[in-house]
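Not measured: the values here are computed from a predicted model. Quick note: numbers below take in every heavy atom, side chains included, and nothing from hydrogens, waters or symmetry partners. Counting starts at 1 for both ligands and their atoms, in listed order.
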Amino acid sequence: MGVVMSVGLTPNRPHIQETSSGTTRQQAITVLGATGSIGKSTLDVVSRHPDRYRVYALSAHTRVDELLALCEQFTPEVAILGDEKSAQRLKDLFVSKGLSTEVQCGPGALNAAASAKTVDIVVAAIVGAAGLMSTLAAAEAGKRLLLANKESLVMSGQLLMNAAKQAGALILPVDSEHNAIFQSLPATKEGVNTSGIEKILLTASGGPLRNCTVEQLAVVTAQQALKHPNWSMGPKISIDSATLMNKGLEVIEACQLFAVAADDIEVVVHPESIIHSMVSYADGSVLAQMGRPDMRTPIAHCLAWPERIQSGVEPLNFFELAGLHFEKPDTVRFPLLQLAFDAQRAGGTAPTILNAANEVAVDAFLSGSVAFLQLARIVEETLSRSKISPASDLTTIIEADKNARETATNLILSGIV
Ligand code: NAD
Ligand code: MG
């Protein structure tokens, strides 16, 4: 691997900016997907540092009451919901509570909150392709972009990275593995240096079904698949963790973030989720980042980088650890991991198609209309029926996403897979 400067890592903005009068001001944050698992963890960290951060905007899709509670606590300038009806309900509640937060709705409002002039930091924590446009808007507006929404990077790849580079946006990886890799690479304000790297070792817990036989996997319910042993996460990523698709998406995410090839990445199953990933160097050194499985650690790291702040997470107690274990992933029982590697190698719109088919399949599994083993078959069949094109522009990417969703939906409805 050569020297590659990650495009997301300039410029280095100080955490508290000087104003013309020489005083300091807090950084303004937009949290997209504030009511989700990452959104709430972010706000937990933010609440510990009122001197450094203030909340400009919070978004939710439909959870009006949860967004109301967050608005009461953080008094943002803007609150965003997915539709007019939910927005009206929130407006009425604000009137009765005497809150002056402006209520907006829809994708345009998300893009505006991601690119508003007064905003310094955008936390992209919407789940799935629904987060693409606002993530891109934040990159194009040159923000410090805390990227949790891995699907947007998987589907838009170089387009998002190039947009960040052009606008001088700083993409910082919230995903714990990528955050760990970032922490294990020599980073300066000009970027990360990947010279002398032998391998990126991407760790995976193996999920709740790691020890299930194929026969057991065939009858797994959504309830069982949702029970992650180490992490508390939203439903979509929890299912992706059970199928190992989450690791597959993360392989693609790592290729984009660190400008490396799929062959430079090895997935290592590490059931304890204490090591969050590692980088192996030519001289025999292996650097690892460790910590409790709590997303507040990578979130705090991204908020303050290159400084360090309190996250509310206790340090590891090594005397309490029972042991750290490692094994190879099984792509026979969990074929989605292999499909993701293959899609990354195929390039172009293949990762977009993979992601779209997976989103449709996971929704169907969560609603009980397909079985666990069908998830991989839906994705594989959608990929084999789709035309892969160069992913050079947004129109092509959105078209590939739409067509793959239609193909996957038809496969499910027709009972072909
Ligand atoms: P979640 O389901 O808990 O929360 C999702 C958030 O997105 C909610 O606020 C919801 O209101 C909002 N949302 C859902 N659909 C939307 C739509 N169509 N339009 C606008 N907003 C919508 O999900 P999560 O676990 O917090 O994950 C969020 C993202 O972060 C995902 O991309 C996931 O892969 C990534 N991520 C999560 C974790 C984790 O520990 N939870 C770790 C790494 C990466
Ligand atoms: Mg992860």
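- In this structure, Asp120 and Ala28 approach most closely via the heavy-atom pair OD2-N, 2.8 Å.
- Residue Ile126 forms a side chain to side chain contact (heavy atoms under 4.5 Å, CB included) with just one option from Ile38, Val31, Leu110, and that option is Leu110.
- The aromatic rings of Trp305 and Phe182 sit tilted relative to each other, their planes meeting at an angle between 30° and 60°.
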side-chain contact (heavy atoms from CB on, under 4.5 Å), that's the test. Do Met133 and Leu394 meet it? Break it down for me.
CA-CA 10 Å; Met133 297 312 287; Leu394 193 58; 3.7 Å; yes
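- Counting only heavy atoms from C-beta outward, the side chains of Thr297 and Met290 never approach each other to under 4.5 Å.
- Counting only protein N, O or S atoms, the number found under 2.8 Å from the Mg ion (ligand 2) is 3.
- Sorted by chain then number, the residues whose non-hydrogen atoms approach ligand 1 to under 4.0 Å are Gly33, Ala34, Thr35, Gly36, Ser37, Ile38, Ala60, His61, Ala125, Ile126, Val127, Ala130, Ala148, Asn149, Lys150, Glu151, Asp175, Met233, Gly234, Pro235, Ile237, Met295.
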Please lay out, stage by stage, how Gln289 and Met278 fare under the test side-chain contact (heavy atoms from CB on, under 4.5 Å).
CA-CA 7 Å; Gln289 187 264 347; Met278 301 176 267; over 6 Å; no
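- Taking every heavy atom of both residues into account, Pro235 and Leu366 meet most closely at CB-CD1, 4.1 Å.
- Contact annotation: the side chain of Thr243 never approaches that of Phe365 to less than 4.5 Å [non-hydrogen atoms, C-beta and beyond].
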Show the numbers, then the answer: is there a side-chain contact (heavy atoms from CB on, under 4.5 Å) between Arg52 and Gln26?
CA-CA 5 Å; Arg52 301 176 72 111; Gln26 298 155 301; over 6 Å; no
